[in-house]
Amino acid sequence: MKILFVCTGNICRSPMAEGILRNKLTLAGLGDETDSCGFESFHTGDHPDKRAHTVSRKYGIDISAHVARLFRKQDFDNFDRIYVMDSSHYYNVSRMARSEDDMKKVDYLLNLLYPLSDMPVEDPWYHDIQAFERTYLQLDAACDILVEELKSYNKDKL
Ligand code: 4NP
């Protein structure tokens with residue numbers, strides 16, 4: 001499976017989620033792939049926010065190589081699942097969807113933890129390092145569930 005995470009600037013939440021998931025996939029020996037992107041161009045081409053990098057590094061995850069990019073229509077073709085952080089991203093992705101099949105791939109990331117709740121992942125950008133820490137832990141818990149789902153999906157495929 002190919003998993004895409006989407007946030008606003010692609011410098012905080014989605015690159016942290018990507019780094020967390022990639023590490024869990026490696027530890028689980030899974031070959032699934034992941035990437036992240038955003039919807040605002042302010043930070044396109046930038047590496048992740050220093051605070052996102054600092055918190056991730058504390059947990060052994062290196063996200064420094066990531067380069068921010070925008071969501072594009074081809075992402076619907078290139079990814080099997082598209083996880084958004086909040087309703088603004090859900091709305092923006094839905095505006096670019098070409099079909100119902102495109103939208104079947106899209107869900108709120110925290111619905112993995114709290115099904116059908118459509119809860120947002122807190123945007124830490126305007127806050128302090130503690131907010132980044134809280135966001136990191138939310139992302140980590142959601143990615144734990146995702147890896148378990150991918151494990152059973154891959155097993156069923158064999
Ligand atoms: P992210 O956080 O969407 O988690 O990467 C943000 C980064 C930048 C901005 C907003 C949110 N911004 O407005 O520049």
Side-chain angles (χ1 to χ4, degrees), residues 1-26 32-97 102-147 149-150:
M1 282 241 201
K2 291 188 177 180
I3 312 287
L4 181 66
F5 297 103
V6 184
C7 65
T8 304
N10 192 213
I11 54 167
C12 302
R13 290 166 289 179
S14 63
M16 285 199 286
E18 176 194 342
I20 291 166
L21 180 63
R22 184 170 292 118
N23 184 55
K24 290 185 191 299
L25 291 171
T26 303
D32 303 275
E33 293 173 32
T34 180
D35 191 13
S36 65
C37 62
F39 264 101
E40 293 293 350
S41 57
F42 315 127
H43 297 283
T44 299
D46 289 356
H47 291 292
D49 184 279
K50 209 167 162 224
R51 297 161 296 175
H53 175 62
T54 301
V55 169
S56 301
R57 198 180 45 194
K58 179 181 144 189
Y59 290 99
I61 310 289
D62 182 3
I63 60 171
S64 60
H66 182 73
V67 177
R69 72 163 176 95
L70 292 174
F71 182 84
R72 45 185 177 245
K73 277 198 171 92
Q74 302 94 284
D75 287 322
F76 288 114
D77 301 320
N78 295 338
F79 291 90
D80 303 294
R81 291 197 194 175
I82 298 170
Y83 285 108
V84 300
M85 302 295 153
D86 66 36
S87 57
S88 71
H89 317 129
Y90 193 92
Y91 174 71
N92 285 327
V93 170
S94 70
R95 280 178 35 142
M96 287 176 75
D102 281 353
M103 280 314 286
K104 279 185 193 151
K105 299 181 172 188
V106 185
D107 201 3
Y108 290 78
L109 180 62
L110 288 193
N111 280 350
L112 287 163
L113 278 172
Y114 312 106
L116 304 175
S117 67
D118 297 351
M119 272 174 58
V121 175
E122 184 185 4
D123 182 355
W125 167 253
Y126 300 99
H127 304 286
D128 56 12
I129 195 87
Q130 278 77 33
F132 278 81
E133 179 89 25
R134 281 196 302 276
T135 294
Y136 183 96
L137 294 175
Q138 277 189 321
L139 297 170
D140 188 67
C143 286
D144 273 340
I145 310 255
L146 185 49
V147 167
E149 280 191 13
L150 292 172

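Note that ligands are numbered from 1 as they come in the structure, with each ligand's atoms numbered from 1 the same way.
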(request) With heavy atoms only and a cut-off of under 4.0 Å, state how Y126 meets ligand 1: side chain, backbone, both or neither. (result)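 For Y126, the contact with ligand 1 is made by the side chain alone.
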(request) Please determine if K73 and D102 form a salt bridge, counting it only when a charged side-chain N lies under 4.0 Å from a carboxylate O. (result)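 No, K73 and D102 are not salt-bridged.
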Using a 3.5 Å cut-off on N or O atoms only, is [X] in polar contact with ligand 1?
| X | result |
| --- | --- |
| N10 | yes |
| C7 | no |
| C12 | yes |
| P124 | no |

(request) Cation-pi check, R13 to W125: give yes when NZ or CZ is under 6.0 Å from the six-membered ring centre and within 45° of the ring axis, no otherwise. (result)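 No, R13 does not lie over the aromatic ring of W125.
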(message) Taking atom OH as the centre, does Y91 end up with more than 12 heavy-atom neighbours from other residues, nucleotides or ligands that are less than 6.0 angstrom away?
(response)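 Atom OH in Y91 is not crowded, with 12 or fewer foreign heavy atoms closer than 6.0 Å.
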(request) For the residue pair E33 and K2, establish whether any side-chain heavy-atom pair is separated by less than 4.5 Å. (result)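 Answer yes - side chains close enough.
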(request) Please report which non-hydrogen protein atom sits nearest to atom 10 (C) of ligand 1, along with the residue it belongs to and the distance in Å to one decimal place. (result)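 Scanning the protein heavy atoms, the shortest distance from atom 10 (C) of ligand 1 goes to W125 CD1, 3.6 Å.
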(message) Quick check: F5 with F71 (ring centres under 6.0 Å apart)?
(response)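 Centroid separation for F71 and F5: 6.0 Å or greater.
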(message) Centroid separation under 6.0 Å, is that true for the rings of Y108 and Y83?
(response)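 Between Y108 and Y83, which both carry aromatic rings, the centre distance is not below 6.0 Å.
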(request) Spell out, as yes or no, whether a donor-acceptor pair under 3.5 Å connects the side chain of T34 to the backbone of I3. (result)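 Yes, because the side chain of T34 sits within donor-acceptor range (under 3.5 Å) of the backbone of I3.
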(message) Below 4.0 Å from ligand 1: does a non-hydrogen atom of E40 turn up there or not?
(response)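 It does not, in that no heavy atom of E40 comes within the 4.0 Å cut-off of ligand 1.
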(request) Would you mind running through ligand 1 and noting each atom that sits below 4.0 Å from a heavy atom of H43? (result)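 Here the atoms of ligand 1 in question are 8 (C), 14 (O).
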(request) Provide the number and element of each atom of ligand 1 under 4.0 Å from a heavy atom of T8. (result)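 Near T8, the atoms of ligand 1 are 3 (O), 11 (C).
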